[in-house]
Amino acid sequence: MNVLNVAFVLLISLAGVVFGVQGLKKKSPVMMYISVIFIFVPILLFMDWLTFLPFIAPAALASGYLVKNKDKTNNRTL
């Protein structure tokens with residue numbers, strides 16, 4: 001891979017990390033979904049592990065669900 005491809009992979013992965021931090025702060029499942037996709041797709045493409053690409057969407061949905069569930073349990077009042 002040339003330098004531009006590596007820079008693109010790093011830029012997209014860094015954007016995924018930023019979205020992940022913002023998603024955790026705002027408890028947003030959509031931002032967590034996007035962040036998991038932005039982090040893992042470029043890494044898997046860079047490593048030529050294309051057979052694992054279909055597993056990213058369920059992992060992203062699970063992370064969004066966990067963030068949404070965590071928000072519900074922390075806001076309960078007794």
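The figures that follow rest on heavy atoms only: side chains count, while hydrogens, waters and symmetry mates do not. Here the structure is a predicted model, which is why all the values come from computation and not from measurement.
Taking CG of Leu66 as the start and CG of Leu61 as the end, the distance is 11.0 Å to the nearest 0.5 Å. Of the inter-residue distances, the one linking Phe8 atom CZ with Leu4 atom CG reads 11.0 Å to the nearest 0.5 angstrom.
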Enumerate, atom names and distances included, each donor-acceptor pair closer than 3.5 Å involving a side-chain atom of residues 17-24, sequence neighbours excluded.
none

Per-pair distances, 0.1 Å, donor-acceptor, side chain in residues 31-41, under 3.5 Å, sequence neighbours excluded:
from	atom 1	to	atom 2	distance (Å)
Ser35	OG	Met31	O	3.4
Ser35	OG	Met32	O	2.8

Side-chain atoms of residues 42-55: list all donor-acceptor pairs with protein atoms under 3.5 Å, sequence neighbours left out, distances to 0.1 Å.
none

